[in-house]
Amino acid sequence: MKIAGIIKSSLIDYPGKASTVIFLGGCNFRCGYCHNPEFLYMQQDKPEDGIDPRELMFFLRKRKRFLDGVCISGGEPTLSKELPQLVAEIKGLGMSVKLDTNGTNPDMLRGLIEKDLVDYVAMDIKGPVDKYQWIARNPVNLDDIRESVRILADAFRDKGFPFEFRTTVCRELLSVNDLERMIAEFPGAPAWYLQRFHNPGKILDNSGEYSAYSLVEMEDMGKRLCVSVR
Ligand code: SF4
């Protein structure tokens, strides 16, 4: 296993916590607006691809007094079979773990929650069912997505496990009506964040097809749909 990238200290990636963010390479989606295209094609088993987990653990041991937790992002982290072992080691340091996922691996998600190896999950919901594959630009097993939604909603109901759904909103991909349908189709989230699309200059599809709604439009959407905007 290799870690594709790292932000050593962040105050914005893990709600209420100072965290280190790590990015695991590889993803089974190809969203055109993806901000981390350089990670999507990385292979976990190639020694030249990224940082050795032992280096990460060395860093975390040194810095754990100043950090509350680790945010594991990607790419899609659950593609990595070694993820449970890595999070167990991080938890062994007494640190919290947040997982960012696209929800395509419900079995691993269930195992991580059942074994108390994650403390917070942010799951991407790409859009309503009939647009999911079009937005992800790769085959999507919607049963897996629905199963991940159920696992998170059940964990929240049964033991107050905290999680959020989040959706990147591009004008060309999602209308207000699409968002309304999406929220009805994937119930049970204690928090849902609509993220305004922005282009940092290196998204996966730089053809210029994507644009953002204005801030006012985003705020209006949030109010109408009773969800948060960021
Ligand atoms: S936005 Fe997320 S799910 Fe989509 S391609 Fe990028 S890493 Fe994968």
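Counting convention: from 1, in listed order, for ligands and their atoms alike.
- Contacts of C27 with ligand 1, taken as heavy-atom pairs under 4.0 Å, involve the side chain alone.
- With a 4.0 Å heavy-atom cut-off, ligand 1 is reached by no atom of R137.
- Between D116 and K91, none of the side-chain N atoms (NZ, or NE/NH1/NH2) sits under 4.0 Å from a carboxylate O, so this pair counts as no salt bridge.
- Heavy-atom minimum distance, R137 versus L204: NH2-CD2, 4.2 Å.
- The closest approach between a heavy atom of K126 and any atom of ligand 1 is below 4.0 Å.
- Taking 2.8 Å as the criterion, C34 does not count as a coordinating residue of atom 4 (Fe) of ligand 1, since none of its N, O or S atoms falls below it.
- When T101, N102, L24, D124 are ranked by how near their heavy atoms come to atom 2 (Fe) of ligand 1, first place goes to D124.
- Using a 4.0 Å cut-off between charged nitrogen and carboxylate oxygen, D52 and K2 count as a salt-bridge pair.
- Tested against T104 for a side-chain hydrogen bond (donor to acceptor under 3.5 Å, both in side chains), the candidates D124, N141, N28 yield a single pass: N28.
- Which parts of ligand 1 touch G75 is read off a 4.0 Å heavy-atom cut-off, strictly below it: atoms 7 (S).
- Aromatic ring orientation, H35 versus H198: perpendicular (interplanar angle above 60°, classes split at 30° and 60°).
- At the shortest separation from atom 4 (Fe) of ligand 1 among protein heavy atoms lies C31 SG, 2.4 Å.
- Taking E89 as the reference, nothing meets the salt bridge (charged side-chain N to carboxylate O under 4.0 Å, His left out) condition, with sequence neighbours excluded.
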